[in-house]
Asks: 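To start, I am sharing the structure in question, which I have written as structure tokens.
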Amino acid sequence: MFKKILIANRGEIAVRIIAACKELGIKSAAVYSEIDFNSMHAALSDEAYFIGPPAASQSYLNIDKIISLAKKIGADAIHPGYGFLSENPVFISEVEKSGITFIGPSAKSVEMMGNKTAARTLMNKHNVPIVPGTTQTIKTIDEVKEEAGKIGYPVMLKAAAGGGGKGMRLVNNPDDLQSAFDRAKNEALKAFGNPDIYLEKFIENPKHIEVQIIGDKFGNYAHIFERECSIQRRHQKVVEESPSVFVDENLRKEITQAAVKAAKACGYYNAGTVEFLMDKNKNFYFLEMNTRLQVEHPVTELVSGIDLVKEQIKIAAGEKLSFSNKDLTLNGHAIECRIYAEDIHNNFAPSTGKIEYHSVPSGPGIRIDRGIETNSVVPVYYDPLLAKVITWGKTRYEAINRMKRALAQYQILGVTTNTELFTYILNSNDFLNGTFDINFLENVLLSEINGLSSTEISKQTEEAAVILSALLKQVEMEKLKTGVGYNGKNKWVEQKYE
Amino acid sequence: MFKKILIANRGEIAVRIIAACKELGIKSAAVYSEIDFNSMHAALSDEAYFIGPPAASQSYLNIDKIISLAKKIGADAIHPGYGFLSENPVFISEVEKSGITFIGPSAKSVEMMGNKTAARTLMNKHNVPIVPGTTQTIKTIDEVKEEAGKIGYPVMLKAAAGGGGKGMRLVNNPDDLQSAFDRAKNEALKAFGNPDIYLEKFIENPKHIEVQIIGDKFGNYAHIFERECSIQRRHQKVVEESPSVFVDENLRKEITQAAVKAAKACGYYNAGTVEFLMDKNKNFYFLEMNTRLQVEHPVTELVSGIDLVKEQIKIAAGEKLSFSNKDLTLNGHAIECRIYAEDIHNNFAPSTGKIEYHSVPSGPGIRIDRGIETNSVVPVYYDPLLAKVITWGKTRYEAINRMKRALAQYQILGVTTNTELFTYILNSNDFLNGTFDINFLENVLLSEINGLSSTEISKQTEEAAVILSALLKQVEMEKLKTGVGYNGKNKWVEQKYE
Amino acid sequence: MNSFVVSLNNKKFNVEIDGKGNAILGGTAFPYQMKIISGNLVLLKFNNKIYKIPYLNKNGNFKFLIDGFPVNTQVRTKLQEELQKLIKEKASKKKGDEIIAPMPGLLLKVLKNSGDEVKKGEAVVILEAMKMENEIRSPIDGTVKKVFKSEGASIEKGEKILIIQ
Amino acid sequence: MNSFVVSLNNKKFNVEIDGKGNAILGGTAFPYQMKIISGNLVLLKFNNKIYKIPYLNKNGNFKFLIDGFPVNTQVRTKLQEELQKLIKEKASKKKGDEIIAPMPGLLLKVLKNSGDEVKKGEAVVILEAMKMENEIRSPIDGTVKKVFKSEGASIEKGEKILIIQ
């Protein structure tokens with residue numbers, strides 16, 4: 001087993017990986033940028049090393065610095081977390097060249113899944129269903145017309161090197177094809193330096209269903225059930241759960257087997273996720289594979305009992321997968337809400353600053369994965385994910401009720417968070433019935449919420465806030481007058497209770 | 001279902017019950033004594049009512065006040081938690097007479113289990129094994145001699161009205177019988193106002209194994225596996241776990257069936273616990289029944305997925321038990337450590353004061369049930385239980401490793417806690433091997449620890465503490481000199497990191 | 001008896017504190033109890049409920065968290081409120097609106113340049129922060145008078161980016 | 001260069017702060033970085049580890065929590081340490097020991113009365129607090145000189161209960 005793991009990440013996922021190291025008795029070494037001197041991950045790890053200025057390009061993304069540090073401190077493995085360098089084949093190759101183990105897949109697996117058309121070709125060859133369309137890039141407008149005619153409108157033009165919605169165009173009829181093709185190519189060139197475009201049938205209002213898979217270096221594979229991740233905004237997941245209410249036992253068998261096929265096709269080891277789109281008739285299509293740990297891995301951990309991060313580490317160290325699918329049972333239901341530093345009433349503008357007060361919910365069925373605490377600083381340089389609230393219940397209904405309780409008790413003061421958004425989601429009929437798709441949050445719920453300029457509050461809450469404002473103002477005035485501070489024997493401060 | 005539940009308790013268990021109410025959509029009403037105005041349970045409940053001065057006899061134990069308040073505020077049920085009024089048959093009768101539902105068993109069940117000899121007789125009649133001995137009180141020394149001779153030495157003399165080790169004497173041979181009998185009777189009279197004594201065979205170094213049972217008002221019963229609670233100090237449990245490594249599948253079947261028989265024998269409904277002593281040959285003997293929710297109920301919740309408090313409430317409201325034993329599987333392993341405000345280096349003296357800093361551990365497999373947060377006050381008037389750290393693992397080994405991680409990250413500053421004790425327990429061979437019994441903590445481990453006048457710390461920790469002390473002293477001196485506070489631009493405070 | 005005017009979600013409330021443990025709001029006297037626990041935590045008992053409320057106070061602008069939700073208020077004494085009205089009347093005669101950076105970030109794009117006409121709600125610049133592109137929109141119809149920053153500039157929170165008249 | 005004497009678990013350490021980012025302990029210069037985060041939280045980087053340490057400071061008596069464990073120290077400047085030695089020498093000439101309540105509680109039992117002889121470690125009173133009976137023991141061999149409190153009395157932390165000589 002490894003003696004020391006360098007964690008090339010920050011925030012909640014670095015904290016999560018440190019936990020796994022501690023439980024395995026492995027020394028953890030954190031890296032931190034200048035702004036992260038006061039951060040949870042740096043303080044929780046056994047060792048902490050300064051890595052550079054706040055900008056990620058000069059710190060958490062600096063391949064040379066990270067690898068030479070790992071060598072210097074005698075780390076025998078590097079865990080990349082998610083984001084940053086986690087899916088960078090150059091980084092992976094460099095790590096392995098330096099004699100350090102990368103806790104993740106081979107660079108080759110990552111590359112095989114990185115190019116969209118190549119991945120589609122690979123999946124097609126291995127009988128993993130893909131969205132109908134081309135598996136090659138299409139060069140001329142005539143080709144596009146012919147293929148679109150075969151597939152049937154509406155169709156999607158997509159960038160081969162794509163991601164994040166760039167170089168993507170929906171075309172409803174042949175007349176719009178030429179201009180859409182030109183614009184998509186142009187956008188793809190600008191965004192990715194590569195104008196290649198391919199064609200897919202447009203799947204109307206699909207769900208985003210993904211499967212957690214895991215493989216070791218001996219060719220053993222298992223799936224750990226599916227996750228429902230359709231609650232998204234701008235391709236960013238907001239709420240995830242496992243299992244999906246939309247997936248029954250037979251469909252689960254099919255989709256998880258397809259996912260394992262996908263993993264095998266690219267010779268995958270490590271934990272990974274195969275993402276699918278699922279239409280209303282429960283046809284599912286390969287979307288892409290995430291060749292790393294996912295943000296939403298805790299919901300899978302809660303329903304399976306598997307510690308995915310510890311498994312990742314053991315697999316990287318050359319151990320065999322500690323379980324197979326016949327050992328696993330799907331136990332209850334888990335939901336995750338991602339707490340972002342953003343203002344839902346101000347076009348989701350990110351919020352930065354100091355966490356002045358932080359109090360986490362406790363009690364049955366609640367797990368908090370977090371990178372913040374009181375006095376933490378939320379800087380402008382990185383991802384706005386502050387914490388994840390994950391609840392477990394014997395039923396979905398119980399998990400939802402626990403989530404509502406947890407969110408109402410989670411107090412974060414100092415930056416604006418999106419916590420309020422979840423109460424709208426968790427109380428919506430579409431969410432409760434499981435009838436939501438990937439367009440629900442943006443097209444349905446957010447347009448309703450935009451009618452609210454600010455949080456809707458009850459009359460009693462309003463009254464409490466109004467009265468408290470006046471009382472605190474009065475204390476402030478009193479203090480100015482008398483010079484007595486909050487801890488003094490001021491009559492407003494030390495007022496007797498009952 | 002109930003509309004409003006009055007919670008006649010405080011601290012972590014009141015907070016736990018509020019959570020259940022919130023998840024069921026029932027209004028919760030807390031009561032608080034003068035010293036508990038600033039308390040978690042009062043602030044988390046939907047309503048909070050002042051109940052009297054700090055002394056429990058005038059607040060949380062005041063039957064008349066509590067019942068008349070419940071009537072006044074329209075509460076249709078009262079949850080007693082554990083301790084305080086939870087096993088007081090007079091209170092239960094009064095509650096039910098007033099037309100309010102008591103969330104617990106009938107007064108009659110509580111009474112049947114309250115008297116030790118009566119309970120022994122009842123168990124014996126229903127084929128639940130009891131410790132060999134008399135089921136009647138013994139009046140004369142001749143009787144005692146005869147019975148002791150039959151049972152075989154060593155024997156225990158015990159108070160029929162007893163509990164807490166009072167009126168209890170171990171006798172190793174006939175010569176000591178007379179004086180032991182006299183002293184035991186005398187002590188029993190003083191402690192309980194009742195000199196009645198009975199006789200039991202002394203079980204050497206037993207384990208304390210208990211079974212969680214639950215019954216509804218329709219005569220349906222289930223057990224929810226066993227708990228291992230042998231880590232005790234002065235009859236107070238310190239660490240609990242489920243399942244017990246000492247109990248195999250067959251023994252589990254036997255002991256849980258005995259527990260269900262015990263519950264049936266007293267016509268029990270509600271969640272309850274049947275406690276057994278188990279000798280090294282795995283013979284088990286009825287010890288007593290706790291006719292209420294236990295402190296250690298979370299370990300059972302974690303391995304079964306059952307929310308015991310919600311079940312209690314539903315059963316009290318007349319619902320049928322939501323599951324039967326064939327629906328339950330024992331999932332993984334759970335351990336609980338009780339965080340008490342006490343000083344293990346000073347004869348376990350209780351510690352009181354203000355919590356100046358409080359930071360809970362987060363991440364996979366950790367549950368915290370707590371009654372404290374930053375700025376909480378730990379008063380002298382009540383039980384010193386501050387919080388419970390409960391961890392789950394797929395294996396006992398994983399649960400233990402998570403507990404170690406959790407405890408190292410749980411920061412409570414302002415009162416002295418027993419947190420350190422757990423690291424000695426969790427690292428001891430007897431604990432790891434499961435070979436401990438109820439005498440392990442007091443007779444073995446504590447005598448080792450008493451050799452330590454204070455916490456054992458590593459050289460690096462020592463150096464850090466020493467250097468930090470000097471640095472903070474220097475800041476203090478600087479501050480005195482310049483009048484610049486912690487937030488000023490003092491060079492020591494704002495010193496640049498790297 | 002002290003009188004205050006509290007603004008919350010564009011509504012105004014008159015509150016009087018009678019010095020005897022009552023707050024008078026909308027003609028009703030509400031008994032209350034308050035205890036300040038620390039610099040940013042306060043207990044308020046009101047309507048048989050104890051609220052434990054984290055808060056920030058910046059010159060009478062309060063940010064509260066109640067049951068997990070943010071509630072923002074502004075308080076003035078009666079006198080301050082009158083004064084504010086006068087100031088507002090004067091200010092409304094002045095023209096023009098400044099676009100202030102609502103967060104620190106990188107000025108990715110300047111969409112409207114000096115002399116361009118803009119409609120209310122139209123995006124004028126894009127600011128990158130936390131890996132996200134954020135459109136900053138015009139609060140009024142008007143013409144861009146001056147742009148203070150150029151594309152690629154690092155901007156602090158609160159810095160002036162441009163003026164629209 | 002400032003010099004301090006730190007006591008920890010009955011051991012004494014000489015520490016010098018050189019004003020250039022080093023703490024000199026046992027002849028070794030340790031580079032450190034420190035940042036005070038709030039009134040009771042401090043960051044110390046030392047030996048490639050960042051310690052986030054909650055602490056209380058009462059006149060140079062520190063209570064730290066390090067990795068979940070309490071560590072208590074006492075710091076004096078070199079000068080204060082010299083002074084302390086002088087005071088101690090004087091004090092050691094004085095006789096007798098006071099029994100001070102280590103916690104608030106109810107005085108349940110007075111086991112030794114005025115004139116009684118006690119051995120070191122022998123229980124002298126029982127104090128009830130938090131539902132527990134706590135024996136308070138004599139720190140010395142001696143005779144009880146005076147008992148200040150009677151059974152049943154409520155006692156505050158730090159109050160004198162009796163004197164043994």
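What's counted below: heavy atoms across the whole structure, side chains too, no hydrogens, waters or symmetry copies. By convention in this document, chain letters (A, B, ...) are assigned in the order of the sequence lines, proteins followed by strands, and residues within each chain are numbered from 1. None of the values given here were measured: they were computed from a predicted structure.
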Asks: Looking only at heavy atoms and a cut-off of under 4.5 Å, which of B:Val466, B:Ile412, B:Ile467 has the most pairs with chain D?
Replies: B:Val466
Asks: For D:Leu44, is it the side chain, the backbone, both or neither that has a heavy atom under 4.5 Å from a heavy atom of chain B?
Replies: side chain
Asks: Could you tell me whether D:Lys63 atom NZ has more than 12 heavy atoms of other residues or ligands within 6.0 Å of it?
Replies: no
Asks: What part of D:Phe46 is in contact with chain B, defined as an atom under 4.5 angstrom from a non-hydrogen atom: side chain, backbone, both or neither?
Replies: both
Asks: Is any side-chain heavy atom of D:Pro104 less than 4.5 Å from a side-chain heavy atom of B:Thr352?
Replies: yes
Asks: Looking at D:Leu8 and B:Ala465, what are the two nearest heavy atoms and their distance?
Replies: CD1-CB, 3.8 Å
Asks: What distance separates B:Gln411 CD from D:Lys52 NZ, expressed to the nearest 0.5 Å?
Replies: 8.5 Å
Asks: Could you tell me which portion of B:Pro361 (side chain, backbone, both or neither) has an atom closer than 4.5 angstrom to a non-hydrogen atom of chain D?
Replies: neither
Asks: So which atom in D:Thr73 and which in B:Ser469 form the shortest heavy-atom distance, rounded to 0.1 Å?
Replies: OG1-OG, 2.7 Å
Asks: Between D:Val5 and chain B, with a heavy-atom cut-off of 4.5 Å, which part of the residue counts as in contact: side chain, backbone, both or neither?
Replies: neither
Asks: Identify the two heavy atoms, one from D:Asn47 and one from B:Glu463, that lie closest to each other, and give their separation to 0.1 Å.
Replies: ND2-OE1, 3.9 Å
Asks: Of the backbone (N, CA, C, O) and the side chain (C-beta and beyond), which part of B:Ser351 lies under 4.5 Å from a heavy atom of chain D, both, or neither?
Replies: backbone
Asks: Quick one: does D:Asn57's side chain have a donor or acceptor within less than 3.5 Å of a partner on B:Leu472's backbone?
Replies: no
Asks: So, D:Tyr55 versus B:Glu356: side-chain donor-acceptor pair below 3.5 Å or not?
Replies: no
Asks: Would you mind checking which part of D:Leu25 comes under 4.5 Å of any heavy atom in chain B, side chain (CB onward), backbone (N, CA, C, O), both or neither?
Replies: side chain
Asks: Take a 6.0 Å sphere around NZ of D:Lys49 and say whether it holds more than 12 heavy atoms from other residues, nucleotides or ligands.
Replies: yes
Asks: Looking only at heavy atoms, which two atoms of B:Gly414 and D:Leu56 are closest? And how far apart?
Replies: CA-CD1, 4.2 Å
Asks: Looking at every heavy atom in both B:Glu462 and D:Phe13, which two are closest together, and how far apart are they?
Replies: OE1-CZ, 3.4 Å
Asks: Kindly indicate, with the supporting measurements, whether the criterion side chain to side chain contact (heavy atoms under 4.5 Å, CB included) is fulfilled by B:Leu468 and D:Phe62.
Replies: CA-CA 10 Å; B:Leu468 186 58; D:Phe62 288 91; over 6 Å; no
Asks: What residue in B:Gln460, B:Glu476, B:Gln409 has the most heavy-atom pairs under 4.5 Å with chain D?
Replies: B:Gln460
Asks: Any chance you could measure D:Leu106, atom CG, to B:Tyr381, atom OH, to the nearest 0.5 Å?
Replies: 10.5 Å
Asks: Where does B:Leu413 contact chain D at under 4.5 Å (heavy atoms): side chain, backbone, both or neither?
Replies: both
Asks: Any side-chain heavy atom of B:Lys473 sitting closer than 4.5 Å to one from D:Gln80?
Replies: yes
Asks: Locate the shortest heavy-atom distance separating B:Ala470 from D:Ile17; write the atom from each residue and the value.
Replies: CB-CD1, 4.1 Å
Asks: CD of D:Gln33 to CG of B:Leu471: how many Å apart, nearest 0.5 Å?
Replies: 11.5 Å
Asks: Where on D:Leu41 is there a heavy atom nearer than 4.5 Å to chain B: the side chain, the backbone, both, or neither?
Replies: side chain
Asks: Is D:Val75 in contact with chain B via its backbone, its side chain, both, or neither, using a 4.5 Å heavy-atom distance?
Replies: both
Asks: Given that the side chain runs from C-beta out, which part of D:Lys157 has a heavy atom under 4.5 Å from chain B: side chain, backbone, both or neither?
Replies: neither
